[in-house]
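Step one of this worksheet: look at the structure below.
Here is how names work: the chains are called A, B, and so on, in the same order as the sequence lines, proteins then strands, and each is numbered from 1. In this text the structure is predicted, and so the values were computed from the model without any measurement.
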Protein chains: 2
Amino acid sequence: MNMRRTTIKDVAEAAGVGVATVSRVLSGGSASPETRERVLTVAAQLDYRPSALGRNLRQQRSGGIGLLLPDITDTFYGRLADGVLACARSAGEPVILGATGDDPEREAELIGMLLEQGVDRVIAVPSGDGETWAPTLRAGLTTVFAHRLAAGRDDVPAVLADDRAGVRTAVDYLTGLGHRRIAYLGGPGQEQRLSVFRQALGALVDEDLIVSARGSRDSAYAVAAGLFQRRPDLTAVLAGGNLLGEAAVLAARELDLRVPRDLSLIMFDDVPWAELCSPPLTVIAQPAQDIGYRAAELVLRAGPRRPRSVLLPTELMVRGSCAPRGISRSPR
Amino acid sequence: MNMRRTTIKDVAEAAGVGVATVSRVLSGGSASPETRERVLTVAAQLDYRPSALGRNLRQQRSGGIGLLLPDITDTFYGRLADGVLACARSAGEPVILGATGDDPEREAELIGMLLEQGVDRVIAVPSGDGETWAPTLRAGLTTVFAHRLAAGRDDVPAVLADDRAGVRTAVDYLTGLGHRRIAYLGGPGQEQRLSVFRQALGALVDEDLIVSARGSRDSAYAVAAGLFQRRPDLTAVLAGGNLLGEAAVLAARELDLRVPRDLSLIMFDDVPWAELCSPPLTVIAQPAQDIGYRAAELVLRAGPRRPRSVLLPTELMVRGSCAPRGISRSPR
DNA sequence: AAATATGATGGAATCGTTTCCATGAACATG
DNA sequence: CATGTTCATGGAAACGATTCCATCATATTT
């Protein structure tokens, strides 16, 4: 009842040729027209599918693409993954997905898994530092980072959104509206953005207003609520991701801060619900899907030499969550 | 410069034993304590990782789990995927992800890919009918459906949210509030829900109020806007998914229908932004993550006989998007 | 002490594919 | 006609693991 898979040998026998010939025909090698036709017919009749297992073992590579993301639940990473899948599909490559939870240890574990699987291409939003990523490079895997870099690993190409420009535009916009006490609500791996934030803010920078949450919703909410309570004098917030933005809106509502009257809010990453919010959220849109697609392109068309990194533009989408600094909230 | 992977042979040589012994030690077979220790030490020293390629070929199975979802961008499926990943990780199994876009043809293509990869377990939110899924069963793959069934494939175990109860509760709630003209805004593969909807509504059912969108956001918006314009007399809507709910909110806003005064809205699937909306959306919560986790459990612990299907509870979360039917909107 | 059971061990076969190489036929060129 | 070239073809060797089976040493039983 549990019949064997049809193998290349079966096809060869049925077509009256050798296995080598079948392999050649199927992978586009040279063969006489009549042989080619016969083999193809037989293969179709038997519904033959070459086993990737055999092939991979022989050619020492498992073709697949590893994709390591902090959290597939976050729509940003969802869109990124979608981009990767789109590109991978057109290349016929399978994608192996792993969620790191922004935990270097889990990331290392997943890298080990990919190595075992013989995957030879990886796209990752890295959580760990350069050390974590040493194994993939040592094993000769084509590695591409997406969305952010790993500390001390500038030898890996990356596809990034232009965070610098995004942060600068947002800060300029807020200061232009008269805001002076501007907070940054950050997440894991946003060192680069922070340095630009400080730089753009210049003399206005207030380290007490720069806070950082871990990856989870709970942590984001706790940090946002803590910030708002500790510093009722702040008038604007830049949230470094949609989870952080969500937390900010929730915390503001909980503390009866009206947006944008009491608090101006800009969020990194444009998500569908930003428009549904009231007021609709002003955001810095990032081309999440493109990031994924381009990363997949890089990792697939990896030539002999290391490809250059890619920087994709961000865009400030002005909606309704920012207002000129009015009469300062009376801190009571 | 591009050195070879360390193989089992290298370990065997370095430890002065045969490859068979190494294999036994590493997979928990019998071996004398001193040999075991020596092999383990050497393996650790050489940083040896057994290649999944070799193993899989030998045992004719690639251990991995295939996961086929309509759209990884949809947070519902994102959470589902997260559940699968969580369970797969604890079992050390890789997950191969594919996005079907709710297109049976693409689904069939992806199934073919999984078959080629030698994957022997699949979790899917099926788009196609029973015919599409014949190949996986014929090939002996352990298959489990999640979130919905494939028409004419009742021989595949499934993990479902209790849609029937969800729809019934929602309809009862709306009729209890006095609503009579209730619309259903559906998506692909919701036949079951529709039948329950009709049944629960009884004599009140109005086929013109039952509409269906394809998977995309655009399609959802178009259908919602069309419905609201065509039937200004409806007073309540049940949206069959978060994309549909989003579209409904957007379309209502565009047409100046105030929620809940002019229009009561219930959405399937509780998402974080449902609370951020104004008014906050009343939803039918589905345990997306659990669905994924349980499906992975089923597919992993698949014994000799087919496991039973699982039905998980839904919950009506009353927030602010439903109101008693007031003075009917004056259709002008 | 002889016979038998037990357990550790390594050689070799196997999985399904690709690819190297040798063979032989057909054809062109001298 | 002899020789060299091209081309289709099939046999066999990889690839890296697992696993069957035979071998041999040691321990147990009579």
Polar atom pairs between nucleotides 4-8 of chain C and protein, under 3.5 Å, N or O only, would you list them?
residue, atom, partner, partner atom, Å
C/dA8, OP2, B/Ser30, OG, 3.3

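Proximity of a side-chain donor or acceptor of A/Ser27 to a complementary backbone N or O of A/Ser23 within less than 3.5 Å is detected. Proximity of a side-chain donor or acceptor of A/Arg5 to a complementary backbone N or O of A/Arg49 within less than 3.5 Å is detected. Of the possible polar contacts, none joining the B/Gln286 side chain to the B/Ala161 backbone as a donor-acceptor pair under 3.5 Å is found. Checking side-chain atoms of B/Thr143 against main-chain N and O of B/Leu141 turns up a donor-acceptor pair under 3.5 Å.
In this structure, the side chain to side chain donor-acceptor pair (under 3.5 Å) partners of A/Arg153, at least two apart in sequence or on a different chain, are A/Asp155. Here A/Asp74 pairs with A/Asn242 under the side chain to side chain donor-acceptor pair (under 3.5 Å) rule; sequence neighbours left out.
With A/Leu97 as the fixed residue, the side chain to side chain contact (heavy atoms under 4.5 Å, CB included) test singles out one of A/Ile65, A/Ile72, A/Leu110: A/Ile72.
Over its length, the helix from C/dA1-D/dT30 to C/dG30-D/dC1 turns its helix axis by 50°, as judged from the five terminal pairs at each end, rounded to 10°.
To the nearest angstrom, C1' of D/dG16 lies 14 Å from CD of B/Glu13. Counting to the nearest Å, the P atom of D/dG16 and the CG atom of B/Leu46 are 15 Å from each other.
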Base-contact (B) and sugar-phosphate-only (S) positions in nucleotides 16-22 of chain C, heavy-atom cut-off under 4.0 Å, - elsewhere: BBBB---
Under 3.5 Å, which donor-acceptor pairs do the side chains of residues 79-90 of chain A form with other protein atoms, sequence neighbours left out?
residue, atom, partner, partner atom, Å
A/Arg79, NE, A/Thr75, O, 3.4
A/Arg79, NH1, A/Asp270, O, 3.4
A/Arg79, NH2, A/Asp269, OD1, 2.5
A/Arg79, NH2, A/Asp269, OD2, 2.7
A/Asp82, OD2, A/Gln289, NE2, 2.7
A/Arg89, NH1, B/Glu109, OE2, 3.1
A/Ser90, OG, A/Cys87, O, 2.8

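Residue B/Gly16 is in sugar-phosphate contact alone, with no base atom involved, counting any heavy-atom pair closer than 4.0 Å across all strands shown.
Other residues, nucleotides and ligands contribute only 12 or fewer heavy atoms inside 6.0 Å of the CD atom of B/Glu105. Heavy-atom neighbours of B/Arg148 CZ from other residues, nucleotides or ligands within 6.0 Å: above the threshold of 12.
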